[in-house]
2 protein chains.
Amino acid sequence: MRTRVTIRDVAKKAGVSISTVSRVLSPQANDYMREETRGKVLGAIKELDYRPDIRAQSLRGRGTRIVGLVMPDALNPFYQELAYVLEEVCYREKYGLLVCSSKNSITRELTYIDLLESQKVDGIIISTVGLKEIKLNNLVKKGIPIILMDRDVPGANIPVMFTNNYLGGCQATQHLIDLGHKKIACIAGSMNTLSSINRLKGYTDTLQKNGLEVDKKLIKEGKLIYKDGYKLMKELARKSSDGFTALFCLNDLVALGAMRAIQEDGKNIPSDYSIVGFDNISLSSVSNPPLTTIAQPIKQIAQGAFRTIKRWKKQGLLKKEHRFWDTKLIVRKSCKEIN
Amino acid sequence: MRTRVTIRDVAKKAGVSISTVSRVLSPQANDYMREETRGKVLGAIKELDYRPDIRAQSLRGRGTRIVGLVMPDALNPFYQELAYVLEEVCYREKYGLLVCSSKNSITRELTYIDLLESQKVDGIIISTVGLKEIKLNNLVKKGIPIILMDRDVPGANIPVMFTNNYLGGCQATQHLIDLGHKKIACIAGSMNTLSSINRLKGYTDTLQKNGLEVDKKLIKEGKLIYKDGYKLMKELARKSSDGFTALFCLNDLVALGAMRAIQEDGKNIPSDYSIVGFDNISLSSVSNPPLTTIAQPIKQIAQGAFRTIKRWKKQGLLKKEHRFWDTKLIVRKSCKEIN
DNA sequence: ACGATATCTGATATCGTTATTATATTATGC
DNA sequence: GCATAATATAATAACGATATCAGATATCGT
């Protein structure tokens, strides 16, 4: 087993000093070098198939070229797709992405933060379950850029990337109203996250703005998973006396669960119920019928988070940076006009 | 902005030398230490909220505690679930998982290998698109454990973790035969991967073993994605003169696409067609009807790969290690007995 | 009380790189 | 031809940790 190739081996083979090799690897300002020397070095690098050791580089003040992504639920297609686009962003800049799922456990989240801290990652992007202000500020003090997604932590001076969930809730509801629906039910998340609260507020505000009544009986709370969508839709349908004709689901998974429940009962979508989801997960475009939904700006969030990290590393944290990106209505086949 | 906390700061605060701190951090054999001293050090560590720098540790010969996962398609639920269980395995051992999706591009794959090499990861787990023997052996010579999944590369002395795809094909087909089906169609992948070939071979062999004819017209090839499942099922149904009653799909995504096509044509599952998929992705348990499928041993693959890496690092590569794990039939509601 | 051994801690070289500083070589101006 | 500047390379000290070796103190037997 040949041993590891280091900058020393390259220098030896090229017949120059390690400084010269380093100069080829990472040129400084005002660095002169003969083309011939540079050629010799590049030749040796190629011949030995040498790769600089990022750990060693980073010890000398360069970054580790790793960012950590901490998400609460790696089985949720929305986060999977977020991870996917973030990976793409990282790839383009030759960064590695370390994915961590906290599984909604605070302990796990903290353990992962520890790990990322030890790895001295260049930044952490997190949709946090339970990080507190002090912990966050400590991380910042230690020089680790950290970006929040979707959830702000009051008192912490940390950038946050937000989806404009309120707008999404409005868009979904308005779409249904525009199609003539007057009784619109809603399957919501448990009301402990800001994103759920804002989507629901978009829903209720839009109803009221259009002179429609908000009927508490038509709002069901649960976890934003397939199973709960199924279960809660069954509950809603049981009291069909309420006679709603449309349904806004706080995410696509829930919408798909609800669709399943509806179809199981022999009803049709969109003839009997119009449905709008949220997230625009890839599944929603191949469901039966394809689901009308609200697309989250995941590309913008991923790019925004990554760029903020790079800027932060370079120039320090400038000011509290809260960024909102707008959602977009994606019309497919799960809604129908009525009168 | 407070600067980074290092072992030096801890030593200073505890009033000991950095050697002593290091001894607390990573005890050697025959290391003695007074409880009092150890306590002082631990106190200082806690007070300063110190985390050892893995980069520096790894420079001194310890690992980086990172493994890289390279997969061809991060949008395929099967790989997503594989990544999920692998992350769990890593988490338990306090390793980080760097996920890389090659998107079926050889260039991307190579770029990622470069990145992982530079990061000096402790191991690479890869379902490769196009790595060649030389490249692999070079990695090994450089001391980077690499584990293949699903695809062997002839000539390379690299451990491979296999799903027993042949068995899976047999189990699926036998299940349908046991239910009385005589004409069983198959939607296969494009025949350039070993796993597809073996699943299909399981299918044909099992048909023959049971005295049934292999009808080429009932075998459709395509990509193993939802869309192709939909499309190919439509093609199969068009020539309904062939009169098949059951369908084996080479993965669940394809099966779900086929189900959609069947239901769109007003037919029922399992009354009109019995269907078996492959992979047991989480989606398959919530489809309508829930899909009978073949579960891949992803936990075993993930654990096997990880453990092999650790063993390799410790003891070197012992011998060519090809491991097969068996699939398992998961019976749900997409198949029906006929006579 | 002395040396031998056991127990505890510190000084230092090292890992693979880069940044700073120093040194060597060539070119330029007068 | 000689000082000066411009160009090109090398020597060396860090970065943050660990492992080796050496030094200091405590314990013990005789």
Side-chain angles (χ1 to χ4, degrees), chain A residues 3-42 44-45 48-65 117-122 142-144, chain B residues 2-42 44-45 48-65 117-122 142-144 313:
Chain A
T3 181
R4 191 156 36 206
V5 180
T6 79
I7 199 172
R8 229 168 299 271
D9 304 313
V10 175
K12 201 168 181 183
K13 169 141 263 164
V16 299
S17 75
I18 57 173
S19 320
T20 303
V21 178
S22 171
R23 213 174 269 107
V24 173
L25 257 43
S26 35
Q28 307 288 103
N30 285 14
D31 252 7
Y32 305 99
M33 173 166 286
R34 264 191 305 180
E35 262 320 308
E36 189 198 332
T37 315
R38 153 183 239 84
K40 275 194 299 184
V41 172
L42 288 175
I45 287 177
L48 294 172
D49 198 31
Y50 163 77
R51 304 273 181 290
D53 186 327
I54 295 190
R55 299 167 306 168
Q57 290 181 326
S58 76
L59 259 193
R60 287 301 323 246
R62 313 208 150 192
T64 47
R65 301 194 83 77
E117 229 183 306
S118 267
Q119 290 287 359
K120 297 289 186 283
V121 295
D122 287 339
K142 287 195 197 161
I144 303 185
Chain B
R2 197 210 306 166
T3 181
R4 192 154 37 204
V5 180
T6 78
I7 198 173
R8 230 168 298 272
D9 305 313
V10 176
K12 202 167 180 183
K13 170 139 263 165
V16 299
S17 75
I18 57 174
S19 319
T20 303
V21 178
S22 171
R23 216 172 264 113
V24 173
L25 257 42
S26 34
Q28 307 289 104
N30 286 14
D31 251 7
Y32 305 97
M33 174 166 289
R34 262 192 306 178
E35 262 319 307
E36 189 198 330
T37 314
R38 153 184 240 82
K40 275 195 299 184
V41 171
L42 288 175
I45 287 177
L48 294 172
D49 198 30
Y50 163 76
R51 304 272 181 292
D53 186 327
I54 294 190
R55 301 167 305 171
Q57 291 181 325
S58 76
L59 261 191
R60 287 300 324 242
R62 314 208 150 193
T64 47
R65 302 194 82 78
E117 229 183 305
S118 267
Q119 291 286 358
K120 297 286 187 281
V121 295
D122 287 339
K142 287 195 198 160
I144 303 185
K313 270 274 180 192

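Residue numbering restarts at 1 for every chain, and letters A, B, ... go by the order of the sequence lines. Because the structure is predicted, anything quoted here is derived from the model rather than measured.
- A salt bridge is absent between B:D122 and B:R65; no separation between the charged side-chain nitrogens and carboxylate oxygens falls under 4.0 Å.
- Phosphate contact (OP1/OP2 of C:dG10, side-chain N/O of B:T20, threshold under 4.0 Å): present.
- Nearest-nucleotide positions on DNA chain C for A:S26 and B:M33 put B:M33 closer to the 5' end.
- Each of B:S19 and B:L59 was assigned the nucleotide of DNA chain D with the nearest heavy atom; the assignment lying further toward the 5' end belongs to B:L59.
- Between A:R4 and A:D9 there is no salt bridge, since none of the side-chain N atoms of the basic residue sits less than 4.0 Å from a carboxylate O of the acidic one.
- Per the geometry, CZ belonging to A:R8 stands 9 Å off C1' belonging to C:dT17, to the nearest Å.
- Under 4.0 angstrom from either OP1 or OP2 of C:dC8 there lies no side-chain N or O belonging to B:Y32.
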Give the intermediate values and the outcome of side chain to side chain contact (heavy atoms under 4.5 Å, CB included) for residues A:T20 and A:M33. CA-CA 9 Å; A:T20 303; A:M33 173 166 286; 3.3 Å; yes
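- Comparing A:R23 and A:A56 along DNA chain C, the residue whose closest nucleotide (by nearest heavy atom) sits nearer the 5' end is A:A56.
- When B:Q119, B:R55, B:E117, B:K120 are each tested for a side-chain contact (heavy atoms from CB on, under 4.5 Å) with A:I54, only one passes: B:Q119.
- Pairing of D:dT30, defined by two Watson-Crick or G-U wobble distances under 3.5 Å, is identified with C:dA1.
- From the 5' end on, the contacts that DNA chain D makes with chain A at under 4.0 Å to a non-hydrogen atom open and close at D:dT7 to D:dG16.
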